[in-house]
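Start at 1 and go down the list; that is how both ligands and their atoms are numbered.
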Amino acid sequence: MTSELPDTLTETARAFIAKQRGAYIDGEIVEGSGGELSTIDPSTGAVIATLRESDAAVVDRAVASAARAYAEEWRDLLPAKREALLHRLADLIEEHAHELSEYDALEGGKPIAYVEAVDLPLAVEQFRYYAGWPTKITGSVVPVSTPGAHVYTQKVPLGVVAAITPWNFPFCQAAIKLAPALAAGNTVVLKPSELTMFSSLRLAELAIEAGLPAGVVNVVVGTGATTGNELVRHPGVRKITFTGSDRTGRLLGSIAGENLIDASLELGGKNPHVIFADADIPKAAAYAATTAFFYSGQVCFSGSRILVERSALDEVVGVLEEHARALVLGAGLSTDTTMGPLSSAQHLEKVEGYLQAAAEGSGSIAFGGKRLPGAGYFLEPTALVGPADDESVVAEEIFGPVVVVQPFDTFEEAIERSNDTRFGLTAGVWTRDAGKAHRFAQSLDAGTVWVNTYADYNAAAPFGGMKDSGNGRDCGPEGLEKYLDTRTIWMSID
Ligand code: ADP
């Protein structure tokens, strides 16, 4: 059932949304008898469509379909054939890039021009990069000290993978999980966030169109507490791959532990973006501004804590403000928009809660801080200068267009304060001194450190977190390895 859809939505997207009922299993739309699940346009608060949540029976059907497709179709498919199918899927994503972008712009409030320019190419790159792997997955011959033995290993898939994705990069995250999981020979049940479902449902349909056997990619829809919970606890699931909050990550890690399966968890970050006074300050400040407010700061690797050597503080804050004032706030589907709304009313309240707490603290608002009037969930891009390290606005991941800017005085202080966080996803450092840059980068407890740049991402470069930012890595060979098991074969050659 569809409700109010913006005029700017194409007929193709409108028709796709109108035909959705719930899950997509074995190449078919499956409604089931779960409760109603509405998705909301965050720029207006209006209902986009109402589907049926996938209940336990639907989740069971999805896992059974994936298990059958694994055993009968996908696991033993010739590597070159799997490669060709993943490339074909990448082709179809490219062909439908605008339509796919529309879903994330509508449900997620993401500026469509950015989704099309950033998210879609990243997703295509995932399928193309991992399409190259099936023909290169090898075991090894093991030189055991046992007479008359020939021992070798095989790298084998795990089976059915439960992929749980968040609302901030719906399509991109689905690709980041599916491409390596499928390349390794697994089949997937994907549960997108209940806020952003359509691009994942369309991806599953495109997988069928590309020629992947029915059941290799299934999508269930629903909230985390209901559908997500049923999926991750299902005994047929052999691996959980998750991107989202550290709170949910902890829970899924413990469920995986009970079931003796592995969970790869890409969680949040409170990422230090450090600017030394000897850096190219205008360039560093421009990067800091862009990456703090990109997608309204709802990005796990957002450079949301900017540490600036004291003499450069005012210049950096000035550039941030200039950038923030130039942002055009609006609906994701509007091509003029450069910053969209927050994802939900509840999330906006949470972000405002951090600002209220900060009002009692030692920082001051340099600009922004107010929510826009109207029904959409818009908050002005905001900078807080000088809050103390132990304030929640500095210590916690806000996941909104709120950046904190803090001065520092020495190299050692910058390292110590950058590491004084429970998170460890990413960090950035700007300096013209190469030795200083290396020393700094190597001292950081972060999965990725960017030097004189920020937020670069490529399917070939491992990405993931240390400390409370999670475990495992997406992208690169590491991103494939986590979807593989090892079988050791001993053979007597006496
Ligand atoms: P956020 O706070 O960013 O929404 P969450 O970690 O709550 O992050 O959500 C990320 C994804 O995890 C979403 O798809 C959500 O539905 C799912 N999720 C949340 N709780 C659970 C759960 N208990 N079991 C399985 N999935 C969950």
Checklist line | Within the 6.0 Å centroid threshold, strictly below: Tyr457 and Phe463 | finding: yes
Check: Do Glu53 and Thr226 have side-chain N/O donor and acceptor atoms under 3.5 Å apart?
Finding: yes
Item checked: Donor-acceptor side-chain pairing of Lys177 and Ser264 below 3.5 angstrom -> no
Check: Between Thr248 and ligand 1, does any nitrogen or oxygen pair lie at a separation below 3.5 Å?
Finding: yes
Note to self: Heavy-atom contact check, 4.0 Å cutoff: does Phe399 meet ligand 1?
What the structure shows: no
Check: Among all protein non-hydrogen atoms, which one is nearest to atom 17 (C) of ligand 1, and what is the separation to 0.1 Å?
Finding: Ile164 CG2, 3.5 Å
Margin query: Starting from atom 23 (N) of ligand 1, what is the nearest protein heavy atom, named by residue and atom, and what distance separates them?
Written below: Leu251 CD2, 3.3 Å
Check: Judged by non-hydrogen atoms, does His347 sit under 4.0 Å from ligand 1?
Finding: no
Note to self: Can you confirm whether some protein heavy atom lies under 4.0 Å from atom 9 (O) of ligand 1, or whether none does?
What the structure shows: no
Check: So, do Trp167 and Phe399 have ring centers that fall under 6.0 Å from each other?
Finding: yes
Note to self: Can you confirm whether the side chains of Thr50 and Glu36 place a donor and an acceptor under 3.5 Å from each other?
What the structure shows: no
Margin query: So does Thr426 get a backbone contact from the side chain of Asn271, meaning a donor-acceptor N/O pair under 3.5 Å?
Written below: yes
Note to self: List ligand 1 atoms under 4.0 Å from Glu194, heavy atoms only on the residue side.
What the structure shows: 15 (C), 16 (O)
Notebook entry, point to check: In the protein, what heavy atom is nearest to atom 25 (C) of ligand 1, and what distance, to one decimal place, separates them?
Noted result: Gly228 C, 3.3 Å
Next item on the list: Could you find the nearest protein heavy atom to atom 3 (O) of ligand 1 and give me its residue, atom name and distance?
Entry: Trp167 NE1, 3.6 Å
Notebook entry, point to check: Applying a 4.0 Å heavy-atom criterion (strictly less than), which segment of Thr165 is in contact with ligand 1: side chain, backbone, both, or neither?
Noted result: backbone
Notebook entry, point to check: So which protein heavy atom does atom 6 (O) of ligand 1 come closest to, and at what separation?
Noted result: Ser245 OG, 2.7 Å
Next item on the list: Return the residue, atom name and 0.1 Å-rounded distance of the protein heavy atom closest to atom 24 (N) of ligand 1.
Entry: Gly224 O, 3.3 Å
Check: Looking at Tyr454 versus His273, is the centre-to-centre ring distance below 6.0 Å?
Finding: yes
Note to self: Can you see whether Phe423 has Lys467 sitting over its ring - NZ or CZ less than 6.0 Å from the centre and within 45° of the normal?
What the structure shows: no
Item checked: Cation-pi, Tyr295 ring and Lys110 (6.0 angstrom, 45 degrees) -> yes
Margin query: Do the side chains of Glu99 and Arg202 get close enough for a salt bridge, i.e. N-O under 4.0 angstrom?
Written below: yes
Next item on the list: Record the part of Leu252 in heavy-atom contact with ligand 1 below 4.0 Å; permitted values are side chain, backbone, both and neither.
Entry: side chain
Next item on the list: Would you mind listing which atoms of ligand 1 come within a distance below 4.0 Å of any non-hydrogen atom of Arg247?
Entry: 2 (O), 7 (O)
Note to self: Under a 4.0 angstrom heavy-atom cut-off, which atoms of ligand 1 come close to Asn229?
What the structure shows: 24 (N), 25 (C)
